[in-house]
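Step one of this worksheet: look at the structure below.
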Amino acid sequence: QVQLVESGGGLVQAGGSLRLSCAATGRTFSNYAMAWFRQAPGKEREFVAVITWRSGSTYYADSVKGRFTISRDNAKNTVYVQMSSLKPEDTAVYYCAARLGSVVQTSRNEYQYWGQGTQVTVSS
């Protein structure tokens, strides 16, 4: 049973930083891609960033490129997203997701497993 548990959300002022973590259990994830999505109130869930576990290839949404960095710790089976220069429009529930396969995908429909989400609020 795959389980993804996010942590690290909170309240931060605009311009600040946060690091979210996603602890993954239940499988060997070497052939998985791990992603972060976010959902703001009244909006659809949108892609943020993805990393392939085996090669470490990354891809970012244009809205976060240059501000967010996704990474993984193989020993801890944990994926991170370091968020810097945060803006009020980054306020959302952030979800960790996993999909079998090493191809980078940005559609939420391609991901089989999801965490419960963690709230990030950026005040102006």
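If you're wondering where the values come from, they're calculated on a predicted model, not measured in any experiment. For this chain, numbers begin at 1 and follow the sequence in order.
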Query raised in the report: Can you check side-chain contact (heavy atoms from CB on, under 4.5 Å) on Met83 and Asp90, steps first, answer last?
Result: CA-CA 9 Å; Met83 307 185 296; Asp90 293 318; over 6 Å; no
Requested in this report: May I have the step-by-step check of side-chain contact (heavy atoms from CB on, under 4.5 Å) for Met34 and Ile70, ending in yes or no?
Outcome: CA-CA 9 Å; Met34 306 294 293; Ile70 190 170; 5.7 Å; no
Requested in this report: Start with the C-alpha gap between Trp36 and Cys96, add the side-chain angles, then the distance that decides, and say whether side-chain contact (heavy atoms from CB on, under 4.5 Å) holds.
Outcome: CA-CA 5 Å; Trp36 288 94; Cys96 179; 4.2 Å; yes
Query - Verdict with reasoning, Phe29 to Val79, per side-chain contact (heavy atoms from CB on, under 4.5 Å) - result: CA-CA 11 Å; Phe29 289 93; Val79 175; over 6 Å; no
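Remark: side-chain polar atoms of Arg99 are paired, donor with acceptor, to backbone N or O of Glu110 under 3.5 angstrom. Panel note: side chain Thr91, backbone Val122; a donor-acceptor pair is recorded below 3.5 Å. Ser57 places no side-chain N or O within donor-acceptor distance of the main-chain N or O of Ser55, the cut-off being under 3.5 Å. Distance alone, capped at 3.5 Å, is enough to place a donor-acceptor pair between the Gln112 side chain and the Leu100 backbone. Put simply, the side chain of Thr118 never gets that close to the backbone of Glu6: no donor and acceptor are under 3.5 Å apart.
Ion pairing between a basic and an acidic side chain is recognised when a charged N comes within 4.0 Å of a carboxylate O; Lys65 and Asp62 show such pairing.
The two residues Ala40 and Ala92 have their closest heavy-atom pair at N-CB, 3.8 Å. Heavy atoms only, all atoms of each residue included: Tyr111 and Ala98 are closest at CD2-C, 3.6 Å.
Two residues are said to be in side-chain contact when any heavy atoms from C-beta on lie closer than 4.5 Å; Leu20 and Arg38 fail this criterion. Looking only at side-chain heavy atoms (C-beta outward), Tyr60 and Thr69 come within less than 4.5 Å of each other.
No more than 12 heavy atoms of other residues, nucleotides or ligands shown are found within 6.0 angstrom of OH on Tyr59.
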Tell me which donor-acceptor pairs under 3.5 Å the side chains of residues 101-109 have, and how far apart each pair is, sequence neighbours excluded?
{"unit_1": "Ser107", "atom_1": "OG", "unit_2": "Asn109", "atom_2": "N", "d": "3.2"}
{"unit_1": "Arg108", "atom_1": "NH1", "unit_2": "Arg45", "atom_2": "O", "d": "3.2"}

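Between Phe37 and Phe47, the angle of the ring planes goes over 60°, which puts this pair in the perpendicular group of the 30/60° scheme. Ring planes of Trp114 and Tyr95: perpendicular class, angle over 60° (limits at 30 and 60°).
Val5 belongs to no hydrophobic cluster, as no Ile, Leu, Val, Met, Phe, Trp or Tyr side chain comes under 4.5 Å of its own.
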